[in-house]
Every structure is written in C-alpha cells, then in structure tokens.
Participant: 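Provided herewith is a single structure, encoded as structure tokens, for subsequent inquiry.
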Amino acid sequence: MAAAAVGFKSAVLSGRSSNPTDTHLNSTRFRKTLFGFGSNSDRKWGDLNLSSVGVKNREAVVGGGGRRRDGGLVVTCTAEGIERGLLGRRGHEGNFALPERLKVVALMACVMCLCNADRVVMSVAIVPLAAKHGWSSSFLGIVQSSFLWGYIFSSVIGGALVDKYGGKRVIGWGVFLWSLATLITPWAANHSTIALLAVRAFFGLAEGVAMPSMNIILSRWFPCNERATAVGLSMGGFHLGNVVGLILTPIMMSSIGLSGPFYLFSSLGLLWLTTWTVRVTNDPQESNSISNSELRLIQEGKSNAPPLNKGELPPLRLLLSKMPTWAIIFANVTNNWGYFVLLSWMPIYFKTVFNVNLKQAAWFSAVPWGTMAFSGYVAGAASDYLLKAGYSLTFVRKVMQSIGFIGPGLALLCLNYATSATVASVFITVALSLSSFSQAGFLLNMQDIAPQYAGFLHGISNSAGTLAAIISTIGTGYFVQWLGSFQAFLTVTAGLYFVTAIFWNIFATGERVF
C-alpha cells in the first residue's frame, strides 16, 4: 500500500483528565491531510458520496477515522472535509450544505417557542374569560397556578422517561398532549370550573417534559464546544414565546374570537410534530441524512455518552449525596424564584409604584423577553468561546452562573432606587437579560456531572424550582401586604441571588460525578 500522509496526536493516558474539555476540544482540531481506508487509501473524505452511505457503513467510516488506543497512547486520525461550522459549509462543487444538527436545534427552538406561547395564551385570555364567567380575583390566581400543579410532578417523571427512552419520543408525546389540552381549553372553560382546572393541570403535566428532553437531545446532537450555543438558541425560542403569545393572542381573539389563539397554537403544535417525527432521531448515529463528516465531528467533540438506561432506576440517594447536585438544585430554585417574581409581579409593581397603564406600554410586555432571548444566545456563544480558548469546563460554568445571579441581584437592588418607570424598566430588562446566563451555567451542568441521569436530575431540580416559583409568586403578595412595599422583597430576592452564587462557586464542578 502506498504511504499515506497521516496527522496524529498522542498523549499518555492517566485516568480522568482534570480538564475534560481539553480532550473534547483537542480532538476537534483537525489538520488537512489524506487518510486511506483499505485499498482506497488515496480517497479523500471530501470526495465521499455522503448521500449514498448507510448508517452501518457510516459507523464503520467513523470508527476507522476515530480514536485508537494502543500501548497507552491516544491516536486521533485527521481527515479532510470535516464540517467545522454550525452554520454549514460549501462542498467541492460549491453547494451549500446545512448541518443536520442546525436543523435539530431550529426545530427545538420552534417547539420551545410554542411551549411558552401556549402558556401565555391563558394569561391574556383569562381577562375576557373572567368577565364572561364572573370569576373573582382570588379564583384567577387559582386558574393561573393550576398549570404548575401538573408541571411540578411531570418534571421528575419526564426526566426519568427521557433517560430511558430518549428525548425524541418523550417530547413528541408531550407536544401532542399539550396541544390537545390547549385545543379543548375553551370547551373546558365553558363547561365547568372543575373541567378547566383539570385541563390546565393536564396541560402543565404534558409541558413538564420539554426542558429535560431539550437538554438530552442537544447533548447528543452537539459537541461540547457547541452545546451552550445550541441551548442558547433553543432557550431563545422559549423566551420569544412570550413575545409571540402576547402579540398574536389579542389579534386572534379580536379577529376570530376567544377560542382563536387556542386553535392556532394547538394546530401549530401538531404541524411541528409531523416534521419532528420524520426528520429527527434520538442520536445522530441513528440518522440517515447526516453526513459522515458531521457525525465524526459530533462524536469526536463530546465525551463518551453512556447508552440510554433500559429499565434501570435512577439512584436518587446517590444523586442527592453529592454537593454538585445540590448546587444545581439551589441554582434552579433561585433562578425560578427570581424569574417568576419578575414575570408575575412586575406589572403590578409598575401599576402600584408608577401608575403605569400596562395596556399601552408594549415595552413592559415584549422588550424584556426579546432581550432575554438575545442575551441567552450571547451567553451560549461566550461559553463555547471560552471552552475553545482552553478554559476548564468548571471555570466556564462558574463564570456564566455568577453572571446569571450576581447581575440580576445588583439590578434588583438598583430597582429599589428607581425614580421613574423608564429607569425601572431598564433595570428589569437588565435583570432578565443577565439571568439568561444561567442557561450556560446550571442548565448545562446537569449533563456535565451526570450524563447518564441528566434527565432525571433535571426533573428533580426543576420540580424544586417550580415549588420555589409557587412560593415566591404567592409569598410576594403577602410580603408586600405585610410591609407595605416591594422594596423589602426585592432586597430579599437579591440576597438569595448572592447567597446561591457563593454556594455555586464553592460546590459546583464541570467534572463528571456520576
């Protein structure tokens, strides 16, 4: 066989690396060279007819061009034609190829947008519903909170199901069920209050699987140095769901009627489901449309993810025995506490303190969520940039989470001294925008420390966060009534941000724990 030019890099194996991202990132620094397989040693990766290669053959190619361990050395073979960019590349004939993982994250961003928009529909529609049925103010709070009754339980159940069956099937069923619940909500409201509360609780039960599914799917479809950006894009869709729901719901109600937005968003959910079922797989290795080079890039750029559990129960006692788990749980509690305080009470804050007419103030309903979507992407891109620059995973997670907590804490303290509605709105926008940096902190850290049980861990922490959201939403009202102002509660919330930031920096880690 003719000699082939081969690029390789060797390193002595010495147990687990103190910086796991070094292995992930170094393995993706490819040199342009030729590498032969069998008798076709002169053939380049870029010349492969990727569309005609089956899954079995693709795995063989990837295995041949992957990592070998011989005599205590790690040998990483290099290849030409690797898809380096998330936004695609041009082939030898000048045709632009869109990576499959970009299609996956686009679909995920769309469904996360629908997930949040479906929640917002009731927040807007509840005003005419209350006028129509004569609901009291106290009952309005019960209707709004009924969503959380199901959501708090399904996070844990959904996380365990994702670990066992993968994210594609679980979120697919979730979208079908919550779209169905959205569709029948107007009927339930007209039928009886018990039916409405049951449908809203069922709606929350179905939506509880969205976050764990997103986390698992993106962890399997993206290398480590792109995962934060992928989560930022998906969560950007989630935050934009607030804007979409707030804008489209009044338009649909005025043009079609009270049932209009419920029919619209349920139809969009079912339409999304048809595309998702056909185009996406649990793992890129199962995909028939992914190219060899992209598959290799994904596999070489991430840790060896364990297989999905098949009937094995998650070790709850083991998970709760480690401090990094509690760092994630406390971070989720604090994040949800602050988020729902701002989401639920800031409109009342502006009305009470500054006498603002919220119906005419689009800034307070749309702009903060739009900026939060953008800042979440910035946080993800910054996180991935630091990883590529060689910083440890632990350092990056701590920096992102510190910004996500200390920033909002300082903004809330400054909010106490705002003298106008405009200044106050700026501080609230800053608080929400910086809080999105948590997406590159604790939200990604679940996959870092427990890749085999990340869905279940997400469910545990999300349930604790949902309980905190219920307590903060209800507690704010009593706290303000007791002390007569928002200032004290904003200070308490800021203090919680600071304390949790300290706890996170002491106990959080990017190393695998489980």
Participant: Does NZ or CZ of R200 fall inside the cone over Y151's six-membered ring, less than 6.0 Å from its centre and within 45° of the axis?
Facilitator: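 No - R200 does not lie over the ring of Y151 by the 6.0 Å and 45° rule.
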Participant: Would a distance-only check, ignoring hydrogens and angles, find a side-chain to backbone donor-acceptor pair under 3.5 Å from Q439 to A228?
Facilitator: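 Side chain of Q439 to backbone of A228: no pair is present.
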Participant: Output yes when a side-chain donor or acceptor of S287 lies under 3.5 Å from a complementary backbone atom of P284, and no otherwise.
Facilitator: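 No, S287 side chain to P284 backbone: no donor-acceptor pair under 3.5 Å.
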Participant: Enumerate the residue pairs fulfilling ring pair (Phe, Tyr, Trp, His ring centres under 6.0 Å) with a member in residues 232-264, sequence neighbours excluded, ordered by first and then second residue.
Facilitator: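 Ring pair (Phe, Tyr, Trp, His ring centres under 6.0 Å) check on residues 232-264 returns no pairs.
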Participant: Minimum heavy-atom separation for I171 to V209, with atom names?
Facilitator: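 Shortest heavy-atom contact: CA-CG2, 4.4 Å.
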Participant: Short question: side chain of S234, backbone of V231 - any donor-acceptor pair under 3.5 Å?
Facilitator: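 Looks like no, no N/O pair under 3.5 Å.
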Participant: Between N215 and L443 (side chain of the first, backbone of the second, donor and acceptor by atom type, cut-off under 3.5 Å), is there such a pair?
Facilitator: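 Yes, N215 side chain to L443 backbone: donor-acceptor pair under 3.5 Å.
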Participant: Can you sort out the partners of L467 under side-chain contact (heavy atoms from CB on, under 4.5 Å), two or more places apart, ordered by chain and number?
Facilitator: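 By the side-chain contact (heavy atoms from CB on, under 4.5 Å) rule, L467 matches I152, I471.
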Participant: Indicate yes or no: at least one non-hydrogen side-chain atom of N242 is less than 4.5 angstrom from one of M372.
Facilitator: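 No. Closest side-chain heavy atoms not under 4.5 Å.
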Participant: Report the residues that fulfil side-chain contact (heavy atoms from CB on, under 4.5 Å) with V199, sequence neighbours left out, ordered by chain and then residue number.
Facilitator: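 Only A181, I184, T185, A188 meet the side-chain contact (heavy atoms from CB on, under 4.5 Å) criterion with V199.
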Participant: Within this structure, what is the CG-CG distance for the pair L393 and N225, rounded to the nearest 0.5 Å?
Facilitator: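 Answer rounded to 0.5 Å: 11.0 Å.
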Participant: Strictly distance-based, threshold 3.5 Å: is any side-chain N or O of T394 a donor or acceptor partner for the main-chain N or O of T509?
Facilitator: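 Absent.
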Participant: Give a yes or no on this: more than 12 heavy atoms of other residues, nucleotides or ligands lie within 6.0 Å of atom CZ of F503.
Facilitator: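 Atom CZ in F503 is packed in, count exceeds 12.
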Participant: Check whether N190 reaches the backbone of P186 with its side chain - one donor and one acceptor, N or O, closer than 3.5 Å.
Facilitator: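 Yes; at least one donor-acceptor contact below 3.5 Å.
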Participant: Return each pair, listed once, that meets salt bridge (Lys or Arg N to Asp or Glu O under 4.0 Å) where at least one residue sits in residues 258-276; pairs must be two or more places apart or across chains.
Facilitator: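 Counting only pairs at least two positions apart or across chains, no salt bridge (Lys or Arg N to Asp or Glu O under 4.0 Å) contact touches residues 258-276.
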Participant: For T371 and T429, which I'm curious about, is there any donor-acceptor pair between the side chains at under 3.5 Å?
Facilitator: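 The criterion, which ignores hydrogens and geometry beyond distance, is not satisfied for T429 and T371.
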Participant: Shortest non-hydrogen contact from V121 to P261?
Facilitator: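 In terms of heavy atoms, the two residues are closest at CG1-CB, 4.1 Å.
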Participant: Hey, what's the ring geometry for F203 with F147, parallel, tilted or perpendicular (30° and 60° as the breaks)?
Facilitator: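 The arrangement is tilted - the two ring planes meet at 30° to 60°.
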Participant: Show me the pairs that pass side chain to side chain donor-acceptor pair (under 3.5 Å) and involve residues 172-183, at least two apart or across chains.
Facilitator: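 Every pair satisfying side chain to side chain donor-acceptor pair (under 3.5 Å) with a residue in residues 172-183: D118-W178.
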Participant: Locate the shortest heavy-atom distance separating T466 from N336; write the atom from each residue and the value.
Facilitator: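 Looking at all heavy atoms of both residues, the shortest contact is N-ND2, 3.6 Å.
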Participant: Can you check whether R227 reaches S219 side chain to side chain, under 4.5 Å on heavy atoms?
Facilitator: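 With C-beta onward as the side chain, the pair touches.
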Participant: Please examine the side chains of L129 and M122, heavy atoms only from C-beta on, and report whether any two atoms are closer than 4.5 Å.
Facilitator: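 Touching, per the 4.5 Å side-chain cut-off.
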Participant: Measure from the side-chain N and O atoms of K168 to the backbone N and O of T277, and report whether any donor-acceptor pair falls under 3.5 Å.
Facilitator: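 Pair found, side chain donor or acceptor close to backbone of T277.
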Participant: Using a cut-off of 6.0 Å, state whether more than 12 heavy atoms not belonging to F330 lie near its atom CZ.
Facilitator: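 Yes - once you tally the heavy atoms of other residues, nucleotides and ligands closer than 6.0 Å, there are more than 12.
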Participant: Of all heavy-atom pairs between L318 and F514, which one has the smallest distance, and what is that distance?
Facilitator: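 Distance-wise, the nearest heavy atoms are O-CE2, 3.3 Å.
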Participant: Got a salt bridge between R397 and D448, using NZ or NE/NH1/NH2 to carboxylate O under 4.0 Å?
Facilitator: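 Result for this pair is yes, salt bridge flagged.
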Participant: Please tell me if the side chains of N332 and I328 come closer than 4.5 Å, counting only heavy atoms from C-beta onward.
Facilitator: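 They are not in side-chain contact.
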Participant: Decide yes or no for E100 and W221: does some side-chain heavy atom of the first lie under 4.5 Å from some side-chain heavy atom of the second?
Facilitator: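 Yes, side chains in contact.
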Participant: Between D283 and R220, is there a donor-acceptor pair closer than 3.5 Å when you use the side chain of the first and the backbone of the second?
Facilitator: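 No, because the side chain of D283 does not come within donor-acceptor range (under 3.5 Å) of the backbone of R220.
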Participant: Name all residues meeting the side-chain contact (heavy atoms from CB on, under 4.5 Å) criterion together with L114; count only those two or more places apart in sequence or in a different chain, and write none if there are none.
Facilitator: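 If we apply the side-chain contact (heavy atoms from CB on, under 4.5 Å) test to L114, skipping adjacent residues, the hits are F265, L268, W272.
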